Amino acid sequence: MISSIWCQLHKQVSAIRAAIKVGLFPGILFIGLVVGGRLMGAFQRFEGQALAVALRLQAPEPLDQRILLVGIDEQSIQSIGTYPVPDQQLAALLRQIHSYQPRVIGLDVFRDLPVEPGHDELLAVFEETDNLIGIDKVLPPTVAPPPTLAANQVGFADAPLDIDGNQRRVILGTQTAESGFRLSFALV
């Protein structure tokens, strides 16, 4: 009697061991491959594409009517007749925008070097417009901020690209050797 129970128990344990060897080993192997591939970045491109599709499927956000974006596009450059846009033209545009008394003006154009004519005029606009925010670049290769803007009127405009060349992330703040902790253009 005891030997028959022992035989049945031994058969059940052997069956469970066989099932574990057959079923568990491939599962553990597959999980190990997925985790290893994830750690090595093998799926990063697919994850980025899946995120892009998911974001495109979202309903568009409503537009805020209080925000005005003024762009310098190809038609603007053709009407001015030169590129980059001269400082005189940029100063006139900033003065016109400032006349409408906006809460803040964000200038997302690198202006570390003069573009004559009108550089002195643009520097004067930078000095007299206290609600103007300019940009610089803190990650190599760096670009200096506009010359006469105060440090609290400058945010960095660095945007890292993912492996596939798309921008999906933004840096909101970073530590720099020269000026300590800096905020991005979006937060200044």
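Sequential numbering from 1 along the given sequence is applied to the chain's residues. This structure is a prediction, so every number in the text was calculated from the model and none was measured.
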Which heavy-atom pair separates Thr148 from Glu127 by the least distance, and what is that distance? CG2-OE2, 3.5 Å
Counting heavy atoms not belonging to Tyr83, are there more than 12 under 6.0 Å from its OH? no
Please say yes or no: joined through hydrophobic side-chain contacts below 4.5 Å, possibly via intermediate residues, are Val138 and Ile135 part of one cluster? no
Near Gln167 CD, under 6.0 Å, is it more than 12 heavy atoms from other residues, nucleotides or ligands? yes
Under the side-chain contact (heavy atoms from CB on, under 4.5 Å) criterion, do Leu107 and Leu94 qualify, and how do the steps go? CA-CA 9 Å; Leu107 180 63; Leu94 290 172; 4.2 Å; yes
Gln78-Glu74 side chain donor-acceptor pair, cut-off 3.5 Å: yes
Under 3.5 Å donor-acceptor, Gln153 side chain and Thr129 backbone: yes
Stepwise, does the side-chain contact (heavy atoms from CB on, under 4.5 Å) test hold for Leu68 with Val70? CA-CA 6 Å; Leu68 172 67; Val70 178; 4.2 Å; yes
For residues Pro86 and Ile80, determine if any side-chain heavy atom of one lies less than 4.5 Å from a side-chain heavy atom of the other. yes
Do Leu172 and Leu183 have side-chain heavy atoms sitting under 4.5 Å apart? no
Does atom CD of Glu116 have more than 12 heavy-atom neighbours, drawn from other residues, nucleotides or ligands, at distances under 6.0 Å? yes
Ion pair check, Arg45 and Asp162, cut-off under 4.0 Å: no
Residue pair Asn131 / Pro102, side-chain heavy-atom distance below 4.5 Å: yes
Distance, nearest 0.5 Å, that separates CD of Gln12 from SG of Cys7: 11.5 Å
Determine, step by step, whether Ile105 and Ile97 satisfy the side-chain contact (heavy atoms from CB on, under 4.5 Å) criterion, reporting the C-alpha distance in whole Å, the side-chain angles of both residues, the deciding distance to 0.1 Å, and the verdict. CA-CA 8 Å; Ile105 301 170; Ile97 292 171; 3.9 Å; yes
To the nearest 0.5 Å, tell me how far Leu161 CG sits from Asn166 CG. 8.0 Å
pair Val85-Arg111: side-chain heavy atoms closer than 4.5 Å: yes
So if you build clusters from Ile, Leu, Val, Met, Phe, Trp, Tyr with side-chain heavy-atom gaps below 4.5 Å, do Val109 and Leu122 land together? yes
With no hydrogens and no angle check, is any side-chain donor or acceptor of Thr142 less than 3.5 Å from a backbone partner on Leu139? no
Shared ILVMFWY cluster between Leu149 and Leu123, side chains joined below 4.5 angstrom? yes
Determine whether more than 12 heavy atoms belonging to other residues, nucleotides or ligands lie under 6.0 Å from atom CZ of Arg95. yes
Determine, using the 4.5 Å side-chain heavy-atom cutoff (strictly less than), whether Ile133 and Phe110 are members of one ILVMFWY cluster. yes
NZ/NE/NH1/NH2 to OD/OE distance under 4.0 Å, Glu47 and Arg168: no
Got a sec: does the CZ of Phe46 have more than 12 other heavy atoms crowding it under 6.0 Å? no
Any heavy-atom pair between the side chains of Phe181 and Thr174 that's under 4.5 Å? no
Evaluate whether atom CG of Leu63 has more than 12 neighbouring non-hydrogen atoms of other residues, nucleotides or ligands under 6.0 angstrom away. no
Does any part of the side chain of Ile171, heavy atoms only, come nearer than 4.5 Å to the side chain of Phe156, both counted from C-beta? yes
Tell me whether Phe126 is reachable from Leu93 by hopping between hydrophobic residues (I, L, V, M, F, W, Y) whose side-chain heavy atoms are closer than 4.5 Å. yes
Taking atom CD as the centre, does Gln75 end up with more than 12 heavy-atom neighbours from other residues, nucleotides or ligands that are less than 6.0 angstrom away? no
His119 and Asp87 have their tightest heavy-atom pair at ND1-OD2, 2.7 Å
Verify side-chain contact (heavy atoms from CB on, under 4.5 Å) between Val154 and Arg182, making sure each step is shown before the conclusion. CA-CA 9 Å; Val154 177; Arg182 297 281 313 281; 3.6 Å; yes
